[in-house]
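Reviewing the structure listed below.
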Amino acid sequence: MIGSTQAFERTLVVAPHPDDEVLGAGGTMAALTQAGCSVFVAVVTTGKAPDFDMRQVTTVREECARAHEKLGVRETLWLDQPAARLSEVAHVELNAALSGVVDAVRPGALVLPFVGDIHMDHQLTFLSGLVAARPHGPKFPPLVLAYETLSETNWNAPYLSPSFQPNYFVDISSTIDLKLDAMAAFSSQVRSFPHERSIEALEALAVMRGVTVGCAAAEAFVLLRNVINFELA
């Protein structure tokens with residue numbers, strides 16, 4: 001891999017729950033697929049009875065398929081861990097599940113939820129994602145980013161949890177509409193404004209992130225690792 005741009009040619013976005021990946025990186029995913037890159041999504045959890053209505057679970061899967069089609073996702077991988085109960089899963093099992101996906105996809109860029117998110121599923125997914133991306137052996141993701149998720153990243157306890165302070169931005173001015181359309185596909189999850197999971201709130205965040213770096217709309221990330229290897233031809 002020569003730099004982070006080439007690393008995006010195979011990108012794996014890890015979502016604790018279906019729709020997290022669209023909220024945090026939907027515009028980036030669309031921009032990458034339009035540029036000819038291969039984008040994979042690993043959805044870690046699935047709702048299970050009796051905590052979730054199985055008809056609703058089926059609905060969300062169908063919504064996820066429509067959203068990913070809009071974004072050009074190459075493949076959606078379901079790990080089927082129990083939603084809202086990852087804390088009950090042995091950490092070694094979650095590590096193995098995510099490591100298996102990373103080994104299979106061989107991504108150059110790995111995009112994870114942020115460790116400071118209020119939802120425990122997000123925190124545990126982040127930690128197992130880093131385990132899966134450990135820099136050893138012949139292959140590991142040279143680029144690792146963490147995204148923000150409205151209603152999870154910014155609802156943590158100020159000064160007590162890690163705060164999301166982005167240092168990596170992707171201009172999504174040309175794909176913001178695709179991101180919003182993909183989120184609208186999750187009709188069972190979208191809420192009315194001024195709820196944070198409203199289309200208006202998602203657009204407002206993109207605009208705010210954009211103007212901080214001089215563009216109309218952007219997605220913000222925390223850079224966790226970026227390995228640049230200037231290979232000589």
Side-chain angles (χ1 to χ4, degrees), residues 1-16 19-44 64 67-77 98-115 125-126 128-135 137-149 153 164 166-183 205-206 209-210 212-231 233:
M1 294 296 172
I2 305 176
S4 59
T5 301
Q6 187 173 343
F8 278 119
E9 289 181 1
R10 287 180 71 84
T11 296
L12 174 61
V13 183
V14 180
D19 84 358
D20 289 329
E21 74 288 1
V22 177
L23 288 166
T28 299
M29 292 160 62
L32 290 174
T33 60
Q34 288 183 356
C37 299
S38 296
V39 175
F40 302 80
V41 175
V43 182
V44 175
C64 187
H68 287 184
E69 182 178 9
K70 291 177 183 291
L71 298 177
V73 172
R74 176 169 171 177
E75 186 177 1
T76 305
L77 307 160
L98 278 170
S99 293
V101 172
V102 171
D103 288 344
V105 174
R106 296 290 190 187
L110 179 64
V111 187
L112 302 170
F114 183 62
V115 67
T125 296
F126 171 87
S128 289
L130 283 190
V131 170
R134 287 178 295 189
K139 297 287 186 180
F140 62 88
L143 177 63
V144 184
L145 301 170
Y147 60 84
E148 60 182 329
T149 307
T153 307
F164 186 83
N167 56 0
Y168 195 104
F169 297 81
V170 176
D171 185 342
I172 62 166
S173 303
S174 64
T175 57
I176 178 62
D177 289 338
L178 278 172
K179 175 187 174 92
L180 299 179
D181 285 346
M183 190 60 206
L205 177 62
R209 292 304 188 194
T212 62
V213 291
C215 57
E219 286 174 335
F221 303 86
V222 170
L223 176 62
L224 302 170
R225 179 169 73 221
N226 186 25
V227 179
I228 298 176
N229 181 11
F230 292 105
E231 297 177 349

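All of these numbers come straight from a predicted model, not from anything done at the bench.
Closest of all the heavy-atom pairs between Ala109 and Phe8 is CB-CD2, 3.7 Å. Annotation for Phe164 and Tyr147: closest pair CE1-C, 3.8 Å, computed over non-hydrogen atoms. Contact detail for Ala218 and Val213: the closest heavy-atom pair is CB-CG2, 4.4 Å. When every heavy atom of Phe140 is checked against every heavy atom of Arg134, the shortest pair comes out as CB-O, 3.6 Å. Here the closest heavy-atom approach between residue Leu98 and residue Gly129 is recorded as CD1-N, 3.7 Å. Here the closest heavy-atom approach between residue Gln34 and residue Thr175 is recorded as OE1-CG2, 3.7 Å.
A donor-acceptor contact shorter than 3.5 Å links the side chain of Glu219 to the backbone of Thr28.
For the side-chain contact (heavy atoms from CB on, under 4.5 Å) test, residues two or more places apart in sequence or in another chain that qualify with Glu75 are Phe40, Leu77. Shown here are the ring-ring contact (aromatic ring centres under 6.0 Å, His included) partners of Phe169, two or more places apart in sequence or in another chain: there are none.
Atom CG of Asn167 and atom CG of Leu223 lie 5.5 Å apart (nearest 0.5 Å). The line from CD1 of Ile172 to CG of Asp177 is 9.5 Å long, rounded to the nearest 0.5 Å. Rounding to the nearest 0.5 angstrom, the gap separating the OH atom in Tyr168 from the CG atom in Leu143 is 5.0 Å. Thr76 contributes atom OG1, which lies 4.5 Å from atom NE2 of His68 (distance to the nearest 0.5 angstrom).
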Worked verdict on Leu130 versus Leu224 for side-chain contact (heavy atoms from CB on, under 4.5 Å) = CA-CA 9 Å; Leu130 283 190; Leu224 302 170; 4.2 Å; yes
request  = Could you walk me through whether Val111 and Met29 pass side-chain contact (heavy atoms from CB on, under 4.5 Å), step by step?
outcome  = CA-CA 10 Å; Val111 187; Met29 292 160 62; over 6 Å; no
task = Could you walk me through whether Thr33 and Leu71 pass the side-chain contact (heavy atoms from CB on, under 4.5 Å) test, one step at a time?
result = CA-CA 7 Å; Thr33 60; Leu71 298 177; 5.6 Å; no
query = Can Arg10 and Arg74 be said to form a side-chain contact (heavy atoms from CB on, under 4.5 Å), step by step?
reply = CA-CA 10 Å; Arg10 287 180 71 84; Arg74 176 169 171 177; 3.6 Å; yes
